[in-house]
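Below, chain A is the first sequence line, B the second, and so on; all start at residue 1.
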Amino acid sequence: MDNSEIAKVFEEIADLLELTGGDKFRIRSYRNAGVVIEGLPESLKSLYAAGEEHLLGIPGIGESLRGKIVELLTTGRCAYHDELLKEMPAGMLEILKVSGVGPKRASLIHKELGVSSVEELEKAAHAGKLRDLPGMGETSEQKILKAIKDLKARSGKFRISVAMKYAAEFTGYIKEVSGTQDVVPAGSLRRWKDEIGDLDILATCKDPAKVMDHFVRHPDIKEVLSKGDTKSTVVLKVGLQVDLRVLDKKSFGAALQYFTGSKSHNVALRDRAKRMGLKISEYGVFKEDGEKPVAGKKEEEVYKAVGLPWIPPELRENRGEIEAAEEGRLPESLRVEDIRGDLHSHTRESDGGATLEEMAEAAMKRGYEYLAVTDHSKAVGIAHGLDEKRVLAQIEAIDALNRKLKEAKKKFTVLKGTEVDIRADGTLDHPESLLKRLDCVVASVHSSFGMSRDEMTLRILKAIRTGRISIIGHPTGRLIGEREPFELDMEAVMTEAKKYGVALELNSYPDRLDLNDIHCKLAKEKGVLVAISTDAHSTSHFDNISYGVHTARRGWLERKDILNTRPLKELLKILKR
DNA sequence: GCCGTTTTCGGCCCGACTGTTTTCAGTCG
């Protein structure tokens with residue numbers, strides 16, 4: 001079992017306990033364990049293989065949960081989980097996903113009406129059976145019917161680039177209301193998560209009602225889910241949910257902290273405050289008895305009040321950042337300006353939209369020192385991949401361009417490269433003699449995604465062992481919202497990459513963003529260099545670098561962990577290895 | 001079920017909105 005599967009079992013146990021009326025703190029423990037395990041860079045499986053003592057010291061995992069992890073790893077089952085499933089049918093877990101139906105209502109409906117699946121719930125609602133239950137009426141019944149419909153049509157999550165677009169639109173729109181002060185996106189967008197569930201916007205204004213009235217009139221809105229004095233929730237026509245919160249300026253820092261999350265970071269922070277005799281809410285930090293806030297205007301003050309330095313939003317996932325902050329070992333924030341060049345780009349020779357010269361010009365304009373041109377190899381026929389002859393011609397063109405740049409006294413170098421296809425059998429799609437002549441060899445998988453985990457791992461290990469590649473491109477092959485990452489033993493790949501001096505790419509294209517944040521953390525632990533590239537297919541794609549940089553920040557990576565923060569000379573030395 | 005600048009026992013984050021209620025429970029984030 002991998003980490004996600006184990007996390008899912010614990011999350012299900014939490015749900016089942018809620019449905020059966022279990023202790024709420026025990027429920028919290030299971031839920032928290034799910035979150036912790038999901039964010040663990042190393043697999044529990046390999047930690048356990050190295051000795052059970054390696055499972056000690058994972059925050060939130062105590063004696064009992066450790067035992068269940070071992071049980072799951074060794075037997076693939078958890079007796080406690082099975083036991084609970086005997087009491088409560090699995091279909092009830094689906095019912096909890098219906099918005100507006102929580103554990104209390106779900107178990108009431110189960111007990112009173114014998115409903116045990118979403119289908120049965122829908123039938124019961126249609127038959128008008130829900131309205132007679134205590135605490136429910138006809139309105140609730142209709143809401144549930146609608147929620148079931150929405151669940152079925154659920155558009156799911158949105159790529160961060162899409163959410164960014166709407167964030168810009170809505171912050172601009174809200175600022176049209178006179179008297180608004182700050183209007184900023186918060187939530188998972190501010191934490192730069194690769195997928196955004198809903199968009200959270202925070203505004204300060206003396207007259208919140210006016211802001212709310214304006215907000216719910218935006219033409220992109222399909223439906224207003226709730227509208228209050230300080231908080232409203234709407235759903236856009238594209239399916240994205242947008243939450244707006246309006247507060248007074250004196251609470252801005254506390255509100256921004258609260259609204260940025262994550263939930264589990266906030267729980268941990270508030271727990272810490274409580275132990276210090278303080279209370280944190282979106283209105284400020286308060287002494288337990290006092291009414292006057294001790295902090296609230298600025299986010300920094302909130303952290304300071306609980307004895308911590310400000311924690312960058314990208315780290316706020318309760319993955320050890322509070323402990324690191326306390327001990328003064330937060331990673332130094334990587335900046336977009338730290339990137340000195342791009343190591344993965346395409347020209348019109350393959351499937352790019354711009355010429356070699358145009359790409360070089362655009363990279364230079366960004367202030368880069370270098371750009372690796374890495375067009376596809378012939379196996380990727382759909383992208384007009386280059387055969388050996390065309391690569392040789394491109395090498396000459398690049399040499400000529402570099403001479404021209406030198407004559408013009410430009411401090412910029414185009415690196416000769418390729419994105420060579422890793423064939424299904426793990427061999428590379430260019431001969432070794434050709435690869436030897438290139439500065440930067442990105443090797444990527446473009447086909448046969450459906451291989452088994454073992455086959456795919458071996459395929460990539462084989463490519464690494466050729467000793468002819470510099471970087472593994474988009475190492476999991478995922479396309480967010482379209483294609484799942486392929487099965488891969490990432491730890492084995494990283495171990496081998498380290499051995500052969502191969503870097504792993506963090507592809508900044510917002511549909512890809514792989515390595516992801518957790519992989520980045522693993523790379524850091526394994527001492528593997530990460531190349532943050534854009535895979536630019538046009539000059540405008542270079543802008544995507546910020547998605548990559550912020551994802552790297554989410555993975556605790558620093559400047560020294562990144563290959564292309566190096567100056568050209570140092571980079572070439574590393575690439576030669 | 002976890003955990004310890006109060007603690008190996010006794011705590012465990014905090015508030016907004018809605019519907020069905022006349023004071024609040026349930027849900028959500």
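Side-chain atoms of K104(A) and base atoms of dG26(B) include no donor and acceptor less than 3.5 Å apart.
For E321(A) (side chain) and N318(A) (main-chain N/O), a donor-acceptor pair under 3.5 Å exists by modelled atom type. For R478(A) (side chain) and R512(A) (main-chain N/O), a donor-acceptor pair under 3.5 Å exists by modelled atom type.
Separating the C1' atom of dC9(B) from that of dG15(B) is a span of 29 Å, rounded to the nearest Å. Straight-line distance between the P atoms of dC13(B) and dG4(B): roughly 14 Å, to the nearest whole Å. Taking atom P in both dT6(B) and dG1(B), one finds a spacing of 27 Å when rounded to whole Å. Spacing of C1' atoms, dT22(B) relative to dC28(B), comes out at 24 Å, to the nearest Å. Taking atom P in both dT21(B) and dT27(B), one finds a spacing of 15 Å when rounded to whole Å. Taking the C1' atom of each, dT7(B) and dC12(B) are spaced 13 Å apart, rounded to whole Å. Remark: the separation of the C1' atoms in dT8(B) and dC2(B) is 12 Å, to the nearest Å. Nucleotides dG26(B) and dT20(B) have their C1' atoms positioned 11 Å apart, rounded to a whole Å.
With salt bridges taken as basic N to acidic carboxylate O contacts below 4.0 Å, none links K45(A) and E491(A). Salt-bridge annotation for R66(A) and E63(A): present, with a side-chain N of the basic residue lying under 4.0 Å from a carboxylate O of the acidic one. Between D271(A) and R275(A) a salt bridge is recorded (basic side-chain N to carboxylate O distance below 4.0 Å).
Put simply, NZ on K97(A) is 14 Å from P on dC28(B), counting in whole angstrom units. Here the P atom of nucleotide dG26(B) and the CG atom of L19(A) are 14 Å apart, to the nearest Å. Across the protein-nucleic acid pair, I69(A) atom CD1 and dG1(B) atom C1' stand 12 Å apart, rounded to whole Å. Summarising the geometry, the separation between NZ on K274(A) and P on dC12(B) is reported as 5 Å, rounded to the nearest angstrom. The CD1 atom of I95(A) sits 16 Å away from the C1' atom of dT27(B) (whole-angstrom rounding). Between the CG atom of L308(A) and the C1' atom of dT5(B) there is a distance of 14 Å, rounded to whole Å. In this structure, R28(A) atom CZ and dC3(B) atom P are separated by 11 Å, rounded to whole Å. The distance between atom CZ of R245(A) and atom P of dA16(B), rounded to the nearest whole Å, is 6 Å.
Between A124(A) and V115(A), the shortest heavy-atom distance links the atoms CB-CG2, 4.0 Å.
A close approach under 4.0 Å does occur between a side-chain nitrogen or oxygen of S140(A) and OP1 or OP2 of dT20(B). For dC14(B), the OP1/OP2 oxygens have no side-chain nitrogen or oxygen of K279(A) closer than 4.0 Å. Listed pair T230(A) / dC17(B) meets the phosphate criterion, a side-chain N or O lying under 4.0 Å from OP1 or OP2. Of the side-chain N and O atoms in T139(A), one or more sit less than 4.0 angstrom from OP1 or OP2 of dT20(B). Neither OP1 nor OP2 of dC13(B) sits under 4.0 Å from any side-chain N or O of R270(A). Contact annotation: K68(A) side-chain N/O to dG1(B) OP1/OP2 distance is under 4.0 Å. Dashed line: the shortest gap from a side-chain N or O of Y283(A) to OP1 or OP2 of dC13(B) is not under 4.0 Å.
In terms of position on DNA chain B, the residue among A106(A) and F25(A) whose nearest nucleotide sits closer to the 5' end is F25(A). Nearest-nucleotide positions on DNA chain B place I61(A) closer to the 5' end than the other of V101(A) and I61(A).
Proximity note for D243(A) (side chain, C-beta onward) versus dG1(B), dG29(B), dT27(B): the nearest is dG29(B). Checking dT18(B), dG15(B), dG1(B) against every side-chain atom of K143(A), the shortest atom distance belongs to dT18(B). Checking dG26(B), dG15(B), dG1(B) against the side-chain heavy atoms of L65(A) singles out dG1(B) as nearest. Distance from the side chain of D23(A) is smallest to dG1(B) among dG1(B), dT18(B), dT27(B).
At the heavy-atom level, S232(A) lies nowhere under 4.0 Å from the strands shown. Using a 4.0 Å heavy-atom criterion, one finds that D271(A) contacts the sugar-phosphate atoms exclusively. Within 4.0 Å (heavy atoms only), M136(A) reaches sugar-phosphate atoms of the nucleic acid but no base atom. When heavy atoms are screened at a 4.0 angstrom cut-off, E138(A) is found touching the sugar-phosphate backbone but no base atom. Among the atoms of the strands shown, none is found under 4.0 Å from any heavy atom of P134(A). Base contact: Y258(A) has a heavy atom under 4.0 Å from a base atom. The residue I280(A) sits close only to the backbone: its heavy atoms come under 4.0 Å of sugar-phosphate atoms, none of a base.
Once rounded to the nearest 0.5 Å, the distance linking CD of E122(A) with CG of L130(A) reads 11.0 Å.
Under the Watson-Crick or G-U wobble criterion, with both distances below 3.5 Å, dC24(B) is paired with dG19(B).
With respect to H550(A), the side chain to side chain donor-acceptor pair (under 3.5 Å) criterion is satisfied by exactly one of E314(A), R191(A), K193(A): E314(A).
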